[in-house]
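Just below is one structure, and these are the notes that go with it.
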Amino acid sequence: MSTPYPFTALVGQDDLRLGLLLNAVSPAVGGVLVRGEKGTAKSTAVRALAALMPEVPVVPGCRFSCDPAAPDPACPDGPHEGAAGVSRPARTVELPVGASEDRLVGALDIERALSEGVKAFEPGLLADAHRGILYVDEVNLLHDHLVDLLLDAAAMGASYVEREGVSVRHAARFLLVGTMNPEEGELRPQLLDRFGLTVEVAASRETDERVEVVRRRLAYEDDPAAFAARWAGEEAELRDRITAARALLPEVVLGDGALRQIAATCAAFEVDGMRADIVMARTATALAAWAGRTDVRAEDVRQAALLALPHRRRRNPFDAPGLDEDKLDDTLERNGGGDDEPEPDGPGDGGGDGGGGGLPPQGDGPDTPPRPEGGADDTPERPESGAPVPGQGGEQRPVRAGEPFRTKMLSVPGLGEGAAGRRSRARTEHGRTTGARRPEGALTRLHLAATVQAAAPHQRARGRSGRGLVVRRDDLRQATREGREGNLVLFVVDASGSMAARQRMGAVKGAVLSLLLDAYQRRDKVGLVTFRGRDADLALPPTSSVDAAAARLESLPTGGRTPVAAGLLKAHDVLRVERLRDPSRRALLVVVTDGRATGGPQPVELAARAARLHAADGVASVVVDCEAGPVRLGLAAALAGDLGGTAVTLDELRAESIAGLVRDVRGGGRSGNGDRRAA
């Protein structure tokens, strides 16, 4: 077994260390989500935490880690009454993002269950993680069906495996820790809310601190055992402090004043539901115990808010996480924060001691997110009008997007086999049952009727004499299911001068923003191609980060001619490369333009020829017609015809519109599996 990197050897990252340590003190806090750029010690810190956790008493031989003091009466390995306990180290169980459902929850031997009535159950990762840590690296990339199972286990504290009337239940209470890079996409709101705390991490910009990080890492890689031995003393001290804080936790008093501050803070930041209040209360209590106190103070409430609320106040994936600390301080002061309080006297009060786990300084720090370029904080520096930028040939400054709205459903025709999502019809492991087939590999979803039908003719030949059905491996049938897949939604946006009227471009950006929000909710990948002047640019390569696409859209300038052909050719190249990378993910091309191609010889004919390339590839497409004014040329509709797709106006795109109801988007010449369906 490799020697883990010592937790106390981490440099900086005060919020990250504190969030993990508070969960070690009080697992009821509910876990922690670590957001940040790659290479910021997220995974290293999580894996190092297990060495600091107190040992866990378990029933010997129980695969489900039952507590001998209070064994689970429904444990599949039970009963355990009167069993003597043994201690083992706390576990950190890692859930790979590509894991199967059976690997997560466990698997039943369906053949033995049908023929013998025996619940032969192989536990999964949820059983391994019971009373320990369940760690998901890149948790934002976790498949939806695994997210659903995690949500169920986190809500009920148990895991249920049910197959055709045969069921197994076992306890599954764990500390959920996830790490993610926001550039790769956001997390589903339901799972996001299940994390008690969230911390933002970023690499230090201080030269001396970066030097120390490299020095320690190289020393660890040269001799992990010797490096760990040098930090053994600090690790033991921190482990003892966690144990002491755990012992003190039941004695901590959460007074009415602190409770009122917690409720007022959650109300002021308009968080949904009551989970935020409960998590803040538990976190503030853990902070007091960590500081060696039995009373919760305003400073604990403030720190708890900074850790528990940022991810709960987001209304959509384009909102930057974080809290307005001035508003937080004002709320605390108006609800009792200005009262005289005892001076800090606990061992953890004040700043960190370099050994990990001290309270981080307040104010601008790792938990304060940078202000996005082109966002709301830049408004005073941006001219109100879309005036031309000096020296840039009539280019207009970026125009703010209009308010997003709920869009109609756009889907790719036919039946795909791509990654699970919520857009287009696909053969999936989840959804409604549509038939049966012989299993290819492990059986995951039994089709009972088809299995019985396959086994029934052979019962006499197999010597059946009792009531049980004699079932062989060849009789088993896998249920085929139809669900929904996520697609690659590639936006091709006209940023030319004909689109540059301020009010009009704001509405266009609002429509694209609405489609991006829809893509986020349907678990799509997105890409953004823009065209203006003489050429087209790939503003954003295909990614799961729709908020990155929204940021590119916000800063998009307009002006110049309209090279529609260049935009479509760039999109053709992007889709060709993506088909090689991920052949199973089908594409949906969304062209946002008024169709008025200009620049160069025969621009309209060139645009039509470029469109027919997509039609020949069978790409499903829709043209959002942005043409305005009393005189309408219908060029966008003609472009949609060349694409073999559908044209909708901005008004028809709205879900509440009764005109132009959007159904399956028409494909070009062929669809991914030959199943072509008209709109």
Side-chain angles (χ1 to χ4, degrees), residues 315-320 372-379 381-389 392 394-408 410 489-521 524 526-533 536-540 543 545-560 562-564 567 570-571 588-596 622-629 636 647-657 662:
R315 288 295 181 267
N316 64 60
F318 311 134
D319 292 336
E373 295 182 6
D377 292 330
D378 291 332
T379 302
E381 301 177 9
R382 182 183 296 171
E384 283 298 316
S385 67
V389 180
Q392 295 190 25
E395 177 181 306
Q396 305 290 316
R397 290 188 183 276
V399 174
R400 184 175 301 282
E403 283 297 317
F405 52 85
R406 192 165 63 91
T407 66
K408 283 192 171 70
L410 303 177
V489 182
L490 182 61
F491 294 92
V492 181
V493 180
D494 186 345
S496 65
S498 65
M499 303 277 288
R502 179 178 176 78
Q503 184 176 3
R504 182 181 179 199
M505 195 60 195
V508 169
K509 284 189 175 183
V512 178
L513 191 66
S514 303
L515 289 167
L516 283 171
L517 183 58
D518 181 70
Y520 164 76
Q521 294 167 340
D524 295 317
V526 297
L528 179 63
V529 171
T530 64
F531 59 91
R532 53 181 290 273
D537 294 314
L538 179 58
L540 182 73
T543 175
S545 179
V546 294
D547 53 344
R552 300 292 195 280
L553 180 71
E554 183 73 19
S555 59
L556 177 66
T558 56
T562 313
V564 177
K570 174 66 73 174
L588 172 61
L589 183 69
V590 180
V591 184
V592 185
T593 182
D594 58 8
R596 301 188 182 191
V622 59
V623 176
V624 180
D625 186 355
C626 303
E627 191 172 25
V648 296
T649 65
L650 289 174
D651 288 338
E652 292 170 346
L653 193 61
R654 294 178 179 270
E656 62 269 20
S657 171
V662 179

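Computation of the quantities below employed the complete heavy-atom set of this structure, encompassing side-chain atoms and omitting hydrogens, waters and symmetry-equivalent molecules. Computed from a prediction, not measured in an experiment: that's the story for all the values here.
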Quiz item: For the atom pair CG (Leu653) and OG1 (Thr407), what is the distance rounded to the nearest 0.5 Å?
Solution: 5.5 Å

Quiz item: Counting distance only, does the side-chain N/O of Arg552 pair as donor-acceptor with the main-chain N or O of Ala539 below 3.5 Å?
Solution: yes

Quiz item: What closest approach, in Å, do Phe405 and Ser514 show between heavy atoms, and which atom pair accounts for it?
Solution: N-OG, 2.7 Å

Exercise. Using a strict 4.0 Å threshold on nitrogen-to-oxygen distance, state whether Lys509 and Glu554 make a salt bridge.
Key: no

Quiz item: So which heavy atom on Lys408 is nearest to which on Arg654, and how close?
Solution: NZ-O, 2.7 Å

Quiz item: Which atom pair, heavy atoms only, marks the closest approach of Ala636 to Val623?
Solution: O-CG1, 3.8 Å

Quiz prompt | Minimum heavy-atom distance Ala495-Pro557, with the two atoms named | solution = CB-O, 3.6 Å

Quiz item: If you measure from CG on Asp625 to CG on Asp594, what distance do you get to the nearest 0.5 Å?
Solution: 7.5 Å

Quiz item: What's the shortest heavy-atom distance between Ser496 and Thr558, and which atoms?
Solution: O-CB, 4.2 Å

Practice problem: Begin with the C-alpha distance, continue with both residues' side-chain angles, and end with the deciding distance and a verdict on side chain to side chain contact (heavy atoms under 4.5 Å, CB included) for Leu410 and Leu588. | Solution: CA-CA 9 Å; Leu410 303 177; Leu588 172 61; 4.0 Å; yes

Quiz item: Looking at OG1 of Thr530 and CG of Leu553, how far apart are the two atoms once the value is rounded to the nearest 0.5 Å?
Solution: 10.0 Å

Exercise. Tell me, with the steps shown, if Leu516 and Phe491 meet side chain to side chain contact (heavy atoms under 4.5 Å, CB included).
Key: CA-CA 9 Å; Leu516 283 171; Phe491 294 92; 3.5 Å; yes

Quiz item: Would you say the side-chain atoms of Thr593 pair up with the backbone N or O of Gly595, donor to acceptor, closer than 3.5 Å?
Solution: yes

Self-check item: Donor on one side chain, acceptor on other, Asp651 and Thr649, under 3.5 Å
Solution: no

Quiz item: Is any side-chain heavy atom of Val489 closer than 4.5 Å to a side-chain heavy atom of Leu515?
Solution: no

Self-check item: Criterion side chain to side chain contact (heavy atoms under 4.5 Å, CB included) on Val592 and Asp494, from CA distance to verdict
Solution: CA-CA 6 Å; Val592 185; Asp494 186 345; 5.9 Å; no

Quiz item: How many angstroms lie between atom CG of Leu528 and atom CG of Leu538, to the nearest 0.5 angstrom?
Solution: 8.0 Å

Self-check item: Closest non-hydrogen atom pair, Val529 against Gly567
Solution: CG1-O, 3.9 Å

